[in-house]
A.B. asks: 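Please find one structure pasted underneath; my questions will follow.
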Amino acid sequence: MDFFEHQEAARKKSAILTVYFSLAILCIIAAIYCVAVILLGYFDDFGGFWHPELLAWVIGMTLLVIFGGSLIKMHTLSKGGEAVAQMLGGRKVHPGTTDNLEKRLVNVVEEMAIASGIPIPAVYILDSEKAINAFAAGLGTHDAVVAVTSGTLAKLNRDELQGVVAHEFSHILNGDMRLNIRLMGLVYGILVIAFIGWQTLRLAARSGRRVSRNSKGGGGAAIAFFAMGISLTIIGYIGVFFGKLIKSAVSRQREFLADASAVQFTRNPAGIAGALKKIGMEANGSRVHNVHAEEAGHLFFGNALSNAWLSALSTHPPIAERIKRIDASFDGSFEKVASQKAQSQKSQGKKLSVEGSKPLAGAAAMGGGAGLAALAGEALAPENVIERVGAPSFDHVARARQLIDAIPKRLKDAAHEPFGAMAVIYCLLLNEESEARTIQLNHINTHADPAVRPEVGTLAPLVQDLGKEYCLPLADIALNALRGLSPEQYGVFKEIVSSLCLADKKIGLFEFALQRLVVQRLDSFFGLKSKPRIRYFAVDQLQVEVHLLLSALAHQSGQDETLAQQAFATGLQMTGMDYALSILPPEKANFARLNKALDRFEAASPAVHKTILAACAACIGADKKVSIGEAELFRVVAEVLDSPIPPFLPGEFQKV
């Protein structure tokens, strides 16, 4: 199952969710109607249970409460992952933190994000939670967060932490997050009846105490109030039951998938298995004590709640079963694991690594390499590209760590701070031609924040000496820190970026790619852009835009006109469009027009996205090599199509 099939599976899960939700509403309405008939005396005074007017009132009021509760919760959660993290008591970790444990977490998240080809998620810590647990939340990759408990930081080594984070990235990449937030909103609606019942009982208890102190009679109202509270609470547990059933139906199998994906990402089964074993050995396991744990339990890495009396109602599979699927030698004895761990610690001692726990094999051992630059090997098969969307391998994670480690510390430190990150982006856009560079520096000195200007002067030489393959990973880190700007600061920053790109009266490929990434990742974060509704369900509806995109890609190969036409034709054939089209000349396949085309691609369906991405892969792989320009443009297209593509690896393709 590829990335696009996973996305479709998540949408089908939404249909199951709707069925359970509807069934829960019907049961709640039936229960409330029965109680109303009895408590209001309809059964005795009017005879029988069938009273259409009363039923209509019950249906109307119940739907109002349930859907009102769901809408309120969904509005709260519409802010994305950060709203969920804050609701659960999370503290945002500054990207430039100097705390060793926090820095280790930030490094692991950055590695996984760059390896996956997605924006680096914000990182949160649940300081008050001492058990081992974590979650990922968000409406999409643009607002995702990864949160861990303080117990996770303190009790796991780097490999185990990486296994947990990789598990959470699987949820990000497989489309689980949006489904999980929608699930939180719907489940909250059917839990509202129980909340009302609990509050009614509390009020009845207080009212009863006041009546008993102040009067010898008049307790009838308090008794009726108490009876209503009891009834609503009991009925509310219908919602609790269905809430657990819905979360279980959506979550359990996806936990197995995320565990398997974590092993694929890290090529280290001992990492995630070790984290799960430590949960099994803990007295509190993975229990979360926050008051909102019940409604968010399905988000977590481990079971955040007390064990369900019925396994079908548990949001997570048994911890021992998860371990056995990863480590076949595990016999279910956590006591034996604890004994082995104690012996190992006694002989070896504990060791904490911030930057890495051991040398990397695989991609990182390849040296400088090309990353998103010229690569070597076979032709870039479109089906291979589709298979790797949303599915980074160990080599991609290793490559990401190698790229990050190779960036000078001074640049990384600056990229982790909002003002330093602005300076980094400005430096990446500085032109090599002296005249244009002078214009750019003058614009920075005139319009940039005074705190940013000296940073540009300091960082510019370091960026100039940086290999091209490290520029976009550095930009990834900087773009994450730029979320710390105010909306006003971001507006000024974006204007300066646009001016720097146009300083020489033309926009180069890297300038276009970086500017589009800035807009793509930050405009939505600052509320300047929303995800468009899907309007295009067939690639033929975007014929003009596809024609333009494939022409632009073919020209980036650096080949002559004949070979560029062949690359264009190869890509066009993958779309299935039966049109006799010729490649557009470079002046017509310009970046201004391409920018508008990308805007329309955003409104296409996932199936159309898949076709366009495969066509792009066929186009750039037609000459059996990938140039820097092709790779950079391909990455921008994949980002717009919401199709996270891992970085290409050195040695994958070979020039002919």
A.B. asks: Should Asp331 and Lys324 count as an ion pair when the cut-off is N to O under 4.0 Å?
C.D. replies: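 Answer for the salt bridge query: no.
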A.B. asks: Let me see the working for His167 and Glu255 under side chain to side chain donor-acceptor pair (under 3.5 Å), right down to the final yes or no.
C.D. replies: CA-CA 8 Å; His167 173 104; Glu255 292 305 316; 2.9 Å; yes
A.B. asks: Any non-hydrogen side-chain atom of Leu126 less than 4.5 Å from a side-chain atom of Val148?
C.D. replies: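 Not touching, per the 4.5 Å side-chain cut-off.
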A.B. asks: Quick one: does Asp642's side chain get under 4.5 Å of Thr141's, heavy atoms only?
C.D. replies: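 The answer is yes; the side chains approach within 4.5 Å.
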A.B. asks: How long is the straight-line distance from CD1 of Ile25 back to CD1 of Ile193, given to the nearest 0.5 Å?
C.D. replies: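 Ile193 CD1 to Ile25 CD1: 10.0 Å, rounded to 0.5 Å.
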A.B. asks: Taking C-beta and beyond as the side chain, do Ile28 and Ile235 meet within less than 4.5 Å on heavy atoms?
C.D. replies: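 They are in side-chain contact.
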A.B. asks: Which distance, rounded to the nearest 0.5 Å, do you find between the CZ of Arg483 and the CZ of Phe526?
C.D. replies: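 Rounded to the nearest 0.5 Å, the CZ-CZ separation comes to 9.5 Å.
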A.B. asks: Any side-chain heavy-atom pair from Ile125 and Leu105 closer than 4.5 angstrom?
C.D. replies: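 Counting from C-beta outward, Ile125 and Leu105 do come under 4.5 Å.
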A.B. asks: Can you check whether Phe301 reaches Thr152 side chain to side chain, under 4.5 Å on heavy atoms?
C.D. replies: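 The answer is no; the side chains never approach within 4.5 Å.
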A.B. asks: Which pair of heavy atoms, one from Thr266 and one from Ala166, lies closest together, and at what distance?
C.D. replies: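 For Thr266 versus Ala166, the nearest heavy atoms are CG2-CB, 3.9 Å.
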A.B. asks: Rounded to the nearest 0.5 Å, what separation is found between the NZ atom of Lys610 and the OG atom of Ser605?
C.D. replies: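 Rounded to the nearest 0.5 Å, the NZ-OG separation comes out at 11.5 Å.
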A.B. asks: For residues 123-143, which residue pairs qualify under salt bridge (Lys or Arg N to Asp or Glu O under 4.0 Å), counting only residues two or more places apart or in two chains?
C.D. replies: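 Qualifying pairs, neighbours excluded: Arg91-Asp127.
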A.B. asks: Partners of Asp540 by salt bridge (charged side-chain N to carboxylate O under 4.0 Å, His left out), sequence neighbours excluded?
C.D. replies: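 By the salt bridge (charged side-chain N to carboxylate O under 4.0 Å, His left out) rule, Asp540 matches no residue at all.
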A.B. asks: Looking at every non-hydrogen atom in both residues, tell me the closest pair between Gly297 and Ala304 and how far apart they are.
C.D. replies: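 For Gly297 and Ala304, the tightest heavy-atom pair comes out as CA-CB, 4.4 Å.
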A.B. asks: How would you list all residue pairs meeting salt bridge (Lys or Arg N to Asp or Glu O under 4.0 Å) that involve residues 256-265, not counting sequence neighbours?
C.D. replies: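 Applying salt bridge (Lys or Arg N to Asp or Glu O under 4.0 Å) to every pair that reaches into residues 256-265, excluding sequence neighbours, yields Asp259-Arg322.
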A.B. asks: Which atom pairs, one a donor and one an acceptor, fall under 3.5 Å between side chains of residues 283-290 and the rest of the protein, sequence neighbours left out?
C.D. replies:
from	atom 1	to	atom 2	distance (Å)
Ser286	OG	Asn303	N	3.1
Ser286	OG	Asn303	O	2.7
Asn290	OD1	His292	N	2.8
Asn290	ND2	Leu88	O	3.3

A.B. asks: Could you tell me the separation between the CD atom of Glu321 and the CD1 atom of Ile326, rounded to the nearest 0.5 Å?
C.D. replies: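 Going from the CD atom of Glu321 to the CD1 atom of Ile326 covers 11.0 Å.
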A.B. asks: Verify side chain to side chain contact (heavy atoms under 4.5 Å, CB included) between Lys277 and Asp327, making sure each step is shown before the conclusion.
C.D. replies: CA-CA 10 Å; Lys277 288 173 183 177; Asp327 178 7; 2.9 Å; yes
A.B. asks: So which heavy atom on Val608 is nearest to which on Val539, and how close?
C.D. replies: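 Answer, listing the atom of Val608 first, then Val539: CG2-N, 3.9 Å.
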A.B. asks: Hey, are the side chains of Leu528 and Tyr490 touching, using non-hydrogen atoms and a 4.5 Å cut-off?
C.D. replies: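 The answer is yes; the side chains approach within 4.5 Å.
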A.B. asks: Going by heavy atoms in the side chains, are Pro644 and Leu173 under 4.5 Å from each other?
C.D. replies: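 When only atoms from C-beta onward are counted, Leu173 and Pro644 do touch, with a gap below 4.5 Å.
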A.B. asks: When you measure from the side chain of His609 to the backbone of Leu641, do you find a donor-acceptor pair of N or O atoms at a distance under 3.5 Å?
C.D. replies: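 Yes.
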A.B. asks: Roughly how far apart are Leu542 CG and Arg535 CZ, rounded to 0.5 Å?
C.D. replies: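 Result: 9.5 Å between the selected atoms.
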A.B. asks: Taking all non-hydrogen atoms of both residues into account, name the closest pair between Asn180 and His298 and its distance.
C.D. replies: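 For Asn180 and His298, the tightest heavy-atom pair comes out as O-NE2, 3.1 Å.
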A.B. asks: Quick check against the 3.5 Å criterion: does Gln264 have a side-chain atom that pairs as donor or acceptor with the backbone of Ala260?
C.D. replies: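 Side chain of Gln264 to backbone of Ala260, a donor-acceptor pair under 3.5 Å: no, none is there.
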A.B. asks: Only counting residues at least two apart or in another chain, list the ones meeting side-chain contact (heavy atoms from CB on, under 4.5 Å) with Ala113.
C.D. replies: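 Partners of Ala113 by the side-chain contact (heavy atoms from CB on, under 4.5 Å) criterion, ordered by chain and then number, come out as Ile118, Ile120, Pro121, Phe169.
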A.B. asks: Which pairs would a plain distance check flag for residues 55-67, meaning a side-chain donor or acceptor within less than 3.5 Å of a matching protein atom at least two apart in sequence or in another chain?
C.D. replies:
from	atom 1	to	atom 2	distance (Å)
Thr62	OG1	Val58	O	2.7

A.B. asks: Is there a side chain to side chain contact (heavy atoms under 4.5 Å, CB included) between Arg182 and Met177 once you walk through the steps?
C.D. replies: CA-CA 9 Å; Arg182 187 180 295 118; Met177 291 191 312; over 6 Å; no
A.B. asks: Could you tell me which non-hydrogen atom of Ile319 sits nearest to which non-hydrogen atom of Gly280, and how far apart they are?
C.D. replies: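 Of all heavy-atom pairs spanning Ile319 and Gly280, the closest is CG2-CA, 4.5 Å.
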A.B. asks: For the CG atom of Leu71 and the CG atom of Leu186, what is their distance to the nearest 0.5 Å?
C.D. replies: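 The CG atom of Leu186 is 9.5 Å from CG of Leu71, to the nearest 0.5 Å.
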A.B. asks: Give the minimum heavy-atom separation between Phe300 and Ala296, together with the two atoms involved.
C.D. replies: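 The answer is CD1-O, 3.4 Å.
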A.B. asks: Give a yes or no on whether a salt bridge exists between Arg521 and Glu639, defined as a side-chain N under 4.0 angstrom from a carboxylate O.
C.D. replies: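 Here Arg521 pairs with Glu639 in a salt bridge, since their nearest N and O are under 4.0 Å apart.
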A.B. asks: For residues Tyr188 and Phe195, establish whether the separation of their ring centroids is below 6.0 Å.
C.D. replies: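 Yes: the rings meet the under 6.0 Å criterion.
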A.B. asks: Could you tell me if the side chain of Lys92 sits less than 4.5 Å from the side chain of Glu82, heavy atoms only?
C.D. replies: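 A side-chain contact exists here, since the closest heavy-atom pair is under 4.5 Å.
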A.B. asks: Before you tell me yes or no, could you show the steps for Gln520 and Lys529 under side chain to side chain contact (heavy atoms under 4.5 Å, CB included), namely the whole-Å CA-CA distance, both residues' side-chain angles and the distance that decides it to 0.1 Å?
C.D. replies: CA-CA 9 Å; Gln520 199 70 25; Lys529 179 181 180 181; 3.6 Å; yes
A.B. asks: Please work out which of the three classes, parallel, tilted or perpendicular, describes the rings of Phe330 and Phe334, given edges at 30° and 60°.
C.D. replies: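 The arrangement is tilted - the two ring planes meet at 30° to 60°.
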